[in-house]
Number of protein chains: 2
Amino acid sequence: MCDMYSIDMSLTQALLGLLAVEPASGYELTKEFEGDLGQWAWQAAHPSVYPELVRMAERGLVEVTQEGPRRRKTYAVTAKGREELRAWLQAPWGQGVVRNEQVLRMFLLEALEPEEAATALRDVIEYAERNVSVLREHRARREAVPPDGRDALGQLAAEYGLRQYQAMHDWALWALDHLNRRRTAPST
Amino acid sequence: MCDMYSIDMSLTQALLGLLAVEPASGYELTKEFEGDLGQWAWQAAHPSVYPELVRMAERGLVEVTQEGPRRRKTYAVTAKGREELRAWLQAPWGQGVVRNEQVLRMFLLEALEPEEAATALRDVIEYAERNVSVLREHRARREAVPPDGRDALGQLAAEYGLRQYQAMHDWALWALDHLNRRRTAPST
DNA sequence: GCACGCATGTAACCTGTTACATGATTCT
DNA sequence: AGAATCATGTAACAGGTTACATGCGTGC
């Protein structure tokens, strides 16, 4: 009867958010998921994007504002869509869906033999370092040119990613040390 | 013909990892997902756990080592299962599945009006702070008692979470500042 | 004219979820 | 005796994936 906010279904929100920045076609939206957005927040491929846009149009959250060559349809958020996005973004901050294969691997490292775990941790450290430096360059390049406001979302993501990789690096160093200590000074 | 590592299907790996620490029943494994593991890495509820254990037993990755009261079955990893886990943990470090509703929300904040975004960011900061202090207490409590090696996995998770929330906090402060700067000094 | 990239779609499947269902044991 | 908790399972559905399929436009 009353389904006053039935939270989930984050693909909808992701699309609303992207379209709120600027109107786009399904094709363009799909490509967004291959960048920072997909790397950090939410993954989606075109077979989920196109049907979802159709459903959202039926619900009046978005509308087709242009039809271009090659059947290209440009979608834009409607007032209703913008309202739904706002409600979602301002809803109480809870747990939400989390599913991260990398983090899972980090946790399960404990199940390996100490030397193997150490090797794997050194891989983590190297991986995190590599990503930190990529994102640092990214940032430097961006600072060189005046901000055009278009890739604001990408900037948020890049800064988040930078801090995330630094944290991962930090953690892996701690874990390596922790492991060594357990090995050299076994308890009881 | 040759499906030499067909990576994915992380529930399998999560269960292997948990069972590698110590044998457990489906019921106990399910409860693990309600803790740090589910909060950070991978979520799963009992209707996916039980059938998965049966499939894994069929593939010879785990085996029932005890049957207790109330149909309780205790599973343990086999040598083959341990081998599969090792292979997965040591596989080249790639992207993997990521799906995080919180992070999605943080990215899309940009779509709100500046004042609304600022309010939401202050919520993020408060949320991150709350979690940092919970995890700090957690750590202090753990340091008070001698490590018993049993909750090693939980300790890895807690330390990871701590650094993660600190990074989130950091990022939100940056984003808030970034937002202010854009508002007070609009470009072009 | 042909290859490549833009652009959309559909079908079959995978892997998780929620809701429904059942029964055994322990505690009070 | 009754409630709570342990312990497992099944069915229906949700929301994604990969693989398959098609056709238009542009550049060489």
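Below, all heavy atoms of this structure are taken into account, side chains as well, without hydrogens, waters or symmetry copies. Just so it is clear: chains get the letters A, B, ... in the order the sequence lines come, proteins before strands, and each one is counted from 1.
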Undergrad: Any idea which heavy atoms bring A:Ala44 and A:Val49 closest together, and the distance?
TA: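 That closest heavy-atom pairing would be CB-CG2, 4.5 Å.
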
Undergrad: Tell me which donor-acceptor pairs under 3.5 Å the side chains of residues 117-128 of chain B have, and how far apart each pair is, sequence neighbours excluded?
TA:
unit_1   : atom_1 : unit_2   : atom_2 : d
B:Thr119 : OG1    : B:Glu115 : O      : 3.0
B:Glu126 : OE2    : B:Arg130 : NH1    : 2.8
B:Tyr127 : OH     : B:Gln102 : NE2    : 2.7

Undergrad: Output all residues satisfying side-chain hydrogen bond (donor to acceptor under 3.5 Å, both in side chains) with B:Arg136, sequence neighbours left out; order by chain, then residue number.
TA: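 Expected list: none.
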
Undergrad: For the helix from C:dG1-D:dC28 to C:dT28-D:dA1, what is the angle between the axes at its two ends, each from 5 pairs, rounded to 10°?
TA: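 End axes: 20° apart.
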
Undergrad: Which residues pass the ring pair (Phe, Tyr, Trp, His ring centres under 6.0 Å) test with A:Tyr160, not counting sequence neighbours?
TA: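 So A:Tyr160 forms a ring pair (Phe, Tyr, Trp, His ring centres under 6.0 Å) with B:Phe107, B:Trp171.
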
Undergrad: I need the residues from residues 58-71 of chain B with at least one non-hydrogen atom less than 4.0 Å from DNA chain C; give them sorted by number, or say none.
TA: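 Heavy-atom cutoff 4.0 Å gives B:Pro69, B:Arg70.
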
Undergrad: Anything under 3.5 Å between a protein N or O and an N or O of nucleotides 1-3 of chain C, put it in a table, one pair a line.
TA:
none

Undergrad: Would you list the protein and nucleotides 2-4 of chain D atom pairs, both N or O, that sit under 3.5 Å from each other?
TA:
none

Undergrad: Nearest-Å distance, CG (A:Leu29) to P (C:dG9)?
TA: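 Value for this atom pair: 13 Å.
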
Undergrad: If you take all heavy atoms of A:Ala111 and B:Leu85, which pair is closest and at what distance?
TA: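 The answer is CB-CD2, 3.9 Å.
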
Undergrad: With sequence neighbours left out, write down each residue that passes side-chain hydrogen bond (donor to acceptor under 3.5 Å, both in side chains) with B:Arg70, or none if nothing qualifies.
TA: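 With neighbours one apart ignored, the set is empty.
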
Undergrad: Give me the atom names and distance for the closest heavy-atom approach of A:Arg139 to A:Leu162.
TA: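 It is NH2-CD2, 3.0 Å.
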
Undergrad: Give every residue pair that meets the side-chain hydrogen bond (donor to acceptor under 3.5 Å, both in side chains) criterion with at least one member in residues 57-67 of chain B, sequence neighbours excluded.
TA: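 Matches after skipping sequence neighbours: B:Arg59-B:Glu84.
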
Undergrad: So which of residues 44-53 of chain B are in contact with DNA chain D, with a heavy-atom cut-off of under 4.0 Å?
TA: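 Contacts with DNA chain D under 4.0 Å: B:His46, B:Pro47, B:Tyr50.
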
Undergrad: Whole angstrom is fine here: how far is it from CD in B:Gln43 over to P in C:dT17?
TA: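 About 7 Å, once rounded to whole Å.
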
Undergrad: Is a donor on one side and an acceptor on the other found under 3.5 Å between the side chain of A:Arg99 and the backbone of B:Gln43?
TA: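 Yes, because the side chain of A:Arg99 sits within donor-acceptor range (under 3.5 Å) of the backbone of B:Gln43.
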
Undergrad: Nearest nucleotide by nearest heavy atom, which residue falls closer to the 5' end of DNA chain D, B:Lys73 or B:Arg99?
TA: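 So the residue in question is B:Lys73.
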
Undergrad: Decide side chain to side chain contact (heavy atoms under 4.5 Å, CB included) for B:Thr74 and B:Val64; before the verdict, give the C-alpha distance in whole Å, the side-chain angles of both, and the deciding distance to 0.1 Å.
TA: CA-CA 6 Å; B:Thr74 303; B:Val64 177; 6.0 Å; no

Undergrad: Mind checking what makes ring pair (Phe, Tyr, Trp, His ring centres under 6.0 Å) contact with B:His178, not counting sequence neighbours?
TA: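 In terms of ring pair (Phe, Tyr, Trp, His ring centres under 6.0 Å), with neighbours along the sequence ignored, B:His178 is linked to B:Trp174.
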
Undergrad: Sequence neighbours excluded, which residues qualify as ring pair (Phe, Tyr, Trp, His ring centres under 6.0 Å) partners of B:Phe33?
TA: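 B:Phe33: no ring pair (Phe, Tyr, Trp, His ring centres under 6.0 Å) contacts found.
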
